[in-house]
S.K.: 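Attaching a single structure in structure tokens format; questions to follow.
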Amino acid sequence: MLKFLMVSEIRLKLLFNLYESSKSIKELESEFQKKSGNISRGLNELKSCGLITRQSNKQYAITSTGYLVTQNLKDLMKTFENIDNNRAFWENHSLKSIPNKHLKELSFLNDSSVIKSNITEFAKPINIYLKNIKLSKDIRIILPVYSKIFMDTIYDSIILYDGHLDLITTENILDLIIKSDSDRYFRSLVRDKKVDYYIVDDIANIFFTTTNTFTSLFLFFDDVVFDSSEMLFNDDELVLKEAERFYESYKEHITD
Amino acid sequence: MLKLDFNKEYLNDFQEEIKFLINSEIRLKIIGCLYNSAASIKQIEDKTSYSYSSILDNINKLEQRKFIYNIDDKFYLYNRTKLKIIHMLNFNKSAKFLRENVEYLNDSLLDINIESTNDLSALEDTKLIKTNNIELFKVIDIFKRSLMGFKYLKGIFPYFHPRHEDIISYWVDNECSVELILPEEVSHAVTDFIKGYLPKSNVKNKDIKLITNDINIEFAFIVSDKCLVLAFYHKTGEFNQHAVLTSTSGEAIQWGLKLFDEYEKLCKNYVYMDDIVFSEDKGV
């Protein structure tokens, strides 16, 4: 269907045009400034696929299927545009360790802001991240990196708001958490069921966080070097729901 | 009038980009070869049946259009190419679902303000099930089965099911969670049934939430840990009792949960099991 719509100069434009309102062939001819034969051929092709219909008043209208195809196509186009807009973020980082299923699911972040370090705010992404963690109660993290400052801020928030941390990490990172001098917080939060953690051997190189207030993504330059200078950030309510679903889907996938 | 809210200037770039990729089988094959790892022209030649010169020609075109890049004679996909390919394949899944159900969907009313309909790829493996002359109540039975035997259940249901005794007693007697958006009359009928049934039951479940369909949603679906069932109204406004789309795939279930979240936000009035058990006055 993608090919059917994309290779024709007129079919896609006719479909998009009829999505907005029903029209007669005369109206379409005048809008497109094309010969009626071309318009008729395009309309007949769309009609034979069930994407449009000819009504009793001789107007052409989009069908339910045509409407859904247009919605899905519009979504694909928006996704392409967002990928292009955040091109540098995607190209600067390695996606190799992220399974395709999860790469697709991460598309809810496509419309997010890229927050970058700059010469006057060198730690801008980290500062914004920590500022938002301090406002968060329910926190879910895929953690392939360790930083004491991250963990301490998370503990403070959970204690302050009587919150909860759901954590996916590796044995190595867990060792570092436990060996740090704030391990007593971690242990007591685990004991009080304020922290649930899942240990995996093979974690994707994504430092992903989703909370009740924001979601963020940091990536790696390559297989080993973490990039703290760029972060995708979003605090839209619908995106947060998607982010929670992504986390749960990832957890289900790795704990299967 | 519907408005196509998109960047019209981007439409041509978008169309050209996709056309360039899908108009050529060899370019798609090359991208397929590079999808998981980098490869040289010789390696691509070995993996495909194309000649060295055709591969070279198309590699150059892909490079010029910035779909791939070259380091030390090995070719790599840009990350954005990979992401776009994933989404194109995803669109094809949506298209497969739409193509296979075109007649059923074209006879159905659609709710046009729902974001979840923008990506139907999760419905790829959905099956259309219709009643026939030897299974007149097939759809009613599917609904009955999907309304029982679950850990959690969410959805929008348009009528008081003829086998409601079995269904509602299952909800009350089992440890499961139920969140249903129902027409006001149906919600009252369910509440009354539960009140009448309570004295006979050793109530295990308090996790029942009935939400009034106060925005006249003309669409029905059930999503549970077991399945997704979608049902539509005819264009005439009547509920179509003779056909449903069903799927048991995890992706379809996730899609159904997202759909429910969207509808739940739109509805206001609800009644909890506790309201039914402890108070005559609370609730809807």
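Chain A is the first sequence line, chain B the second, and so forth, proteins listed ahead of strands; every chain is numbered from 1. Computed from a predicted structure; not experimentally measured.
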S.K.: Using non-hydrogen atoms and a 4.5 Å limit, figure out which bit of B:Asn12 sits close to chain A: side chain, backbone, both or neither.
M.R.: side chain
S.K.: With a 4.5 angstrom heavy-atom cut-off, is it the side chain or the backbone of B:Phe91 that approaches chain A, or both, or neither?
M.R.: side chain
S.K.: Should the pair B:Phe219 and B:Tyr263 be assigned to parallel (<30°), tilted (30 to 60°) or perpendicular (>60°) ring geometry?
M.R.: tilted
S.K.: Locate the shortest heavy-atom distance separating A:Ser136 from A:Thr211; write the atom from each residue and the value.
M.R.: OG-OG1, 2.9 Å
S.K.: What residue in B:Lys84, B:Gln254, B:Gln15 has the most heavy-atom pairs under 4.5 Å with chain A?
M.R.: B:Lys84
S.K.: Which bit of A:Lys96 is near chain B, if near means a heavy-atom gap under 4.5 Å: side chain, backbone, both or neither?
M.R.: neither
S.K.: Looking at B:Glu100 and B:Lys96, does any basic side-chain N land under 4.0 Å from a carboxylate oxygen?
M.R.: yes
S.K.: Identify which part of A:Glu248 has an atom lying under 4.5 Å from any heavy atom of chain B, answering side chain, backbone, both or neither.
M.R.: neither
S.K.: Could you look at A:Asn110 and say if it's the side chain, the backbone, both or neither that has a heavy atom under 4.5 Å from chain B?
M.R.: side chain
S.K.: Side chain, backbone, both or neither: which part of B:Glu103 has an atom under 4.5 Å from a heavy atom of chain A?
M.R.: neither
S.K.: Need one label for A:Thr63: side chain, backbone, both or neither, based on atoms under 4.5 Å from any heavy atom in chain B.
M.R.: both
S.K.: Side chain, backbone, both or neither: which part of A:Lys104 has a heavy atom under 4.5 Å from chain B?
M.R.: both
S.K.: Quick test of your reading of the model: are B:Asp261 and B:Lys265 salt-bridged, counting only N-O distances below 4.0 Å?
M.R.: no
S.K.: Do A:Tyr60 and A:Glu27 get their side chains close enough for a donor-acceptor pair, meaning under 3.5 Å?
M.R.: no
S.K.: Would you mind checking which part of A:Leu106 comes under 4.5 Å of any heavy atom in chain B, side chain (CB onward), backbone (N, CA, C, O), both or neither?
M.R.: neither
S.K.: Give me the ring orientation class for A:Phe226 and A:Phe220: parallel if the planes are under 30° apart, tilted from 30 to 60°, perpendicular past 60°.
M.R.: perpendicular
S.K.: Does NZ or CZ of B:Lys82 fall inside the cone over B:Tyr35's six-membered ring, less than 6.0 Å from its centre and within 45° of the axis?
M.R.: yes
S.K.: Tell me, for B:Ile18 versus chain A, whether the close heavy atoms (under 4.5 Å) come from the side chain, the backbone, both or neither.
M.R.: side chain
S.K.: Measure A:Leu76 against the heavy atoms of chain B and call it side chain, backbone, both or neither at under 4.5 Å.
M.R.: both
S.K.: Side chain from CB out, backbone as N, CA, C, O: work out which of these in B:Glu17 comes under 4.5 Å of a heavy atom of chain A, or both, or neither.
M.R.: side chain
S.K.: Name the region of B:Thr117, side chain, backbone, both or neither, that has any atom closer than 4.5 Å to a heavy atom of chain A.
M.R.: both
S.K.: Apply the side-chain contact (heavy atoms from CB on, under 4.5 Å) test between A:Glu230 and each candidate in A:Leu219, A:Asn92, A:Ile115; give the one that qualifies.
M.R.: A:Asn92
S.K.: May I ask you to say whether B:Glu115 pairs ionically with A:Lys241, meaning some side-chain N is under 4.0 Å from a carboxylate O?
M.R.: no
S.K.: Do you know which of B:Leu83, B:Ile86, B:Leu257, B:Leu105 has the most heavy-atom pairs under 4.5 Å to chain A?
M.R.: B:Leu83
S.K.: At a 4.5 Å cut-off on heavy atoms, which part of B:Asn90 comes close to chain A: side chain, backbone, both, or neither?
M.R.: side chain
S.K.: Tell me, side chain or backbone of B:Asp119 under 4.5 Å from chain A's heavy atoms, or both, or neither?
M.R.: both
S.K.: Do B:Arg65's NZ or CZ and the ring of B:Phe67 fall within the cation-pi criteria of under 6.0 Å and 45°?
M.R.: no
S.K.: Are B:Leu62 and B:Leu21 packed together at the side-chain level, in the sense that at least one heavy-atom pair is separated by less than 4.5 angstrom?
M.R.: yes
S.K.: Look at A:Leu103, A:Leu68, A:Thr53 and state which one has the largest set of heavy-atom pairs under 4.5 Å with chain B.
M.R.: A:Leu68
S.K.: Chain B: which of A:His93, A:Glu91, A:Met6, A:Lys3 shares the most heavy-atom pairs with it under 4.5 Å?
M.R.: A:Glu91
S.K.: Any heavy-atom pair between the side chains of B:Arg27 and B:Phe20 that's under 4.5 Å?
M.R.: yes
S.K.: Among the options A:Leu51, A:Asp84, A:Thr79, pick out the one with the most heavy-atom pairs lying under 4.5 Å from chain B.
M.R.: A:Asp84
S.K.: Is it the backbone or the side chain of A:Glu105 that comes under 4.5 Å from a heavy atom of chain B, or both, or neither?
M.R.: neither
S.K.: Between A:Asn234 and A:Thr215, does the side-chain hydrogen bond (donor to acceptor under 3.5 Å, both in side chains) criterion hold? Intermediate values first, please.
M.R.: CA-CA 5 Å; A:Asn234 205 312; A:Thr215 184; over 6 Å; no
